[in-house]
Amino acid sequence: MPKYDVAIIGGGHNGLVTAAYLARAGRKVLVLERRELVGGCAVTEEIWPGYRVSTGAYLTSLMQERIVRELELERHGYVVDAKDPAFFSAFPDGRHFFMWQDRAKTLAEIAKYSRRDAEVYPAYEDQLERLSQVVEGLLLVTPPQFPPRGALDFLAYLKLAGRMRGLNSKEMVALVKIFTQSAAEFLDEWFESEQVKVTLATDGVIGANGGPRSPGTAYILLHHCMGGVAGHRGLWGFVRGGMGAVSESIASSARMAGATIRTNAPVAKVLARSGRVSGVVLESGEEIEAPAIASNLDPKITFLRLCDERDLDPEFVAAIRRFRIEGTSCKINLALNGLPEFTAYPGAPGPHHRATMHICPSIDYVERAWDDAKYGRPSQRPLLELTIPTMYDPSLAPAGKHIMGIFLQYAPYTLREGTWDELREPFGDRVISLIEEYVPNIRSIVEHRQVLSPLDLERRFGITGGNIFHGEMSLDQMFVMRPVAGWARYRTPLTGLYLCGSGGHPGGGVMGAPGYNCAREMLKWR
């Protein structure tokens, strides 16, 4: 029976980060990935001849600079091109709105809709920057024990409170609001222009089970404003070679440090004796011995499918069953033989093709899209985010061709009527019809289409409910409560079993933080 110091279940980017750090610390590490390639949702796949598509995750910003530096990811092929412009919104009346890296250019755009909003926008950005700095300081921190059990736990909370010392009273109030308010409420306090507010509000609902008026979506907005590209905070960018290049660079670093990575090696079961893990069994029947295991899979799969529930505390199992994990996101990938011609901004290629292009004209529009989904219906008119990575990296498609990614809200995992196998393609047709209202030539330039419903995301990437964050990122499922109270420190009720994926703090996004934090905790274990 092969023996390793650590077996890591799942070769998503967080599992690879954990593997790289443990291998660098001298541990004998084995990564077991069920698919034919590593990366989880951060992969590049040639789904049509000559088209290399980021089938799941499509942009980067949150990847922690410390991880990039310490694992020498740039040496292993990690290169990011920052988006500029950042956003382009097209409106039904033929108007448009850009947000740029250059603040002066953005203010000029905002002023077209509201001079007052242009005047307050710098203060809004500055406040978000201050709040981001505070919250970012918690990303690479292990949450304190909750509920606290002794003096040392209370001391950890005092240290946590010390991180807030730099905030003034107004910023402290804003921090409380951003954790509790809806994105719409938060933005209403700053801006009057509907066009400005909806462009900013999209970051508050991406991946969320909620609309812009749902409490807690203001934090999702902040979550997407953290990170940066090339030292510029808040910027998002395209990875050269697609999102798989993120995962491959981490895997390369891990291998150089001595880690072994096996693909086509799905794990069927975690072995345990007397409350302590002893190894894993693959679906092939092969057993691998390891006294420490890190699961990059979501909490539901880890504890309810791979573990024997008799090895876990019943209250813990009940809490994991209550963990909310159904998603409402859909990803559509297109191969194009030309560029989309927007009525609101004619001409191709143009600066808007380099941006994230929004089709969601108002807060009410997005809220109505959520109203459909919360009652089990795919949105009649969903929020759409369109990106064209080939504007930055033409090598992803044949000469003269392009890839378009469409990320949309809302497509509920659980449907009131029908199944996703029945509704997948009709829903894709509806999305194309919606885009056609803004882009009359869209049908004529589509060569290939892939529609990934929440069910398809679950099947393809192994994420329960198709939830891209490994679980809702609501206040009661974050920080000391992620995944459940009492078990937010990456350890689990089974001695030697750890959680290194996005089901742990600080949650979803291609950031590597859960994997980094888990590795640090595992290195404390003897």
Side-chain angles (χ1 to χ4, degrees), residues 4-25 27-43 56-57 62-64 67 70-71 73 76 78 140 243-268 270 277 279-280 282 288 290 292-303 305-307 460-464 468-471 483 490-492 496-523:
Y4 291 84
D5 296 327
V6 181
I8 295 177
I9 305 173
H13 82 281
N14 275 309
L16 296 170
V17 167
T18 301
Y21 276 100
L22 293 177
R24 287 160 63 94
R27 303 296 194 269
K28 185 180 179 183
V29 180
L30 173 66
V31 179
L32 298 163
E33 167 57 42
R34 72 177 181 91
R35 294 193 70 197
E36 72 280 4
L37 76 171
V38 296
C41 292
V43 291
L62 301 174
M63 193 67 196
Q64 296 299 289
I67 296 172
E70 291 181 349
L71 298 186
L73 298 189
H76 294 276
Y78 177 70
L140 297 182
M243 289 300 289
V246 180
S247 303
E248 289 295 342
S249 68
I250 304 169
S252 177
S253 179
R255 289 189 184 100
M256 182 171 287
T260 300
I261 300 174
R262 288 177 56 180
T263 55
N264 296 305
V267 173
V270 171
V277 299
V280 297
L282 305 190
I288 296 169
I293 297 169
S295 175
N296 191 42
L297 310 185
D298 67 62
K300 296 270 191 184
I301 295 176
T302 300
F303 301 113
R305 190 182 304 174
L306 299 186
C307 293
R460 190 180 195 93
F461 301 118
I463 48 178
T464 300
I468 63 173
F469 294 150
H470 281 205
Y490 310 101
R491 292 170 171 80
T492 76
L497 177 62
Y498 295 76
L499 198 64
C500 68
S502 296
H505 169 73
V510 182
M511 67 171 74
Y516 173 92
N517 293 341
C518 180
R520 183 183 57 236
E521 294 304 309
M522 293 183 78
L523 289 172

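FYI, side chains are in, hydrogens and waters are out, and symmetry mates aren't considered; it's all heavy atoms of this structure. In this chain, numbering begins with 1 at the start of the sequence shown.
Listed here is the closest heavy atom pair of Val38 and Ala251: CG2-CB, 4.2 Å. Residues Leu297 and Leu499 approach most closely at O-CD1, 3.6 Å, considering heavy atoms. Here the closest heavy-atom approach between residue Val17 and residue Gly512 is recorded as CG1-O, 3.8 Å. Shortest non-hydrogen contact noted between Leu306 and Val267 is CD2-O, 3.6 Å. The shortest non-hydrogen separation linking Ala290 to Val6 is CB-C, 4.3 Å. For the pair Arg255 and Glu248, the tightest heavy-atom approach, listed with the atom from each and the gap, is NH1-OE1, 4.4 Å.
A distance of 10.5 Å separates CD1 in Ile293 from CD1 in Ile8, rounded to the nearest 0.5 Å. Taking CG of Asn264 as the start and CG of Leu32 as the end, the distance is 11.5 Å to the nearest 0.5 Å. Going from atom CD1 of Ile9 over to atom CD1 of Ile288 covers 10.0 Å, rounded to the nearest 0.5 Å. How far OG1 of Thr260 is from CG of Leu30: 6.0 Å, rounded to the nearest 0.5 Å. Here the OH atom belonging to Tyr78 is positioned 10.5 Å from the OG atom belonging to Ser247, to the nearest 0.5 angstrom. Separation of atoms CD1 (Ile463) and CZ (Phe469) is listed at 10.5 Å; rounding is to 0.5 Å.
Side-chain atoms of Ser295 and Cys500, non-hydrogen and from C-beta on, never get closer than 4.5 Å to each other. Contact annotation: the side chain of Leu16 approaches that of Ile261 to within less than 4.5 Å [non-hydrogen atoms, C-beta and beyond]. In this structure, the side chains of Val29 and Tyr4 stay at 4.5 Å or more apart for every pair of heavy atoms.
Side chain to side chain, His470 and Ser502 fail the donor-acceptor criterion of an N or O pair below 3.5 Å.
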- Message: As a quick check of understanding, evaluate side chain to side chain contact (heavy atoms under 4.5 Å, CB included) for Tyr516 and Leu140, giving each step before the final call.
- Response: CA-CA 7 Å; Tyr516 173 92; Leu140 297 182; 3.7 Å; yes
- Message: Go through it in stages, so that I can follow the logic: the residues are Val31 and Arg262, the test is side chain to side chain contact (heavy atoms under 4.5 Å, CB included), and I'd like the CA-CA distance, side-chain angles, deciding distance and then a yes or no.
- Response: CA-CA 6 Å; Val31 179; Arg262 288 177 56 180; over 6 Å; no
- Query: Where do Glu70 and Tyr21 land on the side chain to side chain donor-acceptor pair (under 3.5 Å) test, with the steps shown first?
  - Reply: CA-CA 9 Å; Glu70 291 181 349; Tyr21 276 100; 2.7 Å; yes
- Step-by-step side chain to side chain contact (heavy atoms under 4.5 Å, CB included) determination, Arg27 to Leu523: CA-CA 9 Å; Arg27 303 296 194 269; Leu523 289 172; 3.6 Å; yes
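Of the possible polar contacts, one joining the Tyr490 side chain to the His505 backbone as a donor-acceptor pair under 3.5 Å is found. Under a 3.5 Å cut-off, the side chain of Asn14 and the backbone N or O of Gly501 do not form any donor-acceptor pair. Judged purely by atom type and a 3.5 angstrom limit, Ser252 has no side-chain atom pairing as donor or acceptor with the backbone of His76. Asp298 places a side-chain N or O within donor-acceptor distance of the main-chain N or O of Thr464, the cut-off being under 3.5 Å. Put simply, the side chain of Glu33 never gets that close to the backbone of Thr263: no donor and acceptor are under 3.5 Å apart.
Residue His13 forms a side-chain contact (heavy atoms from CB on, under 4.5 Å) with just one option from Val43, Ile250, Thr18, and that option is Ile250.
A salt bridge links Arg491 to Glu521: one of the charged nitrogens lies within less than 4.0 Å of a carboxylate oxygen.
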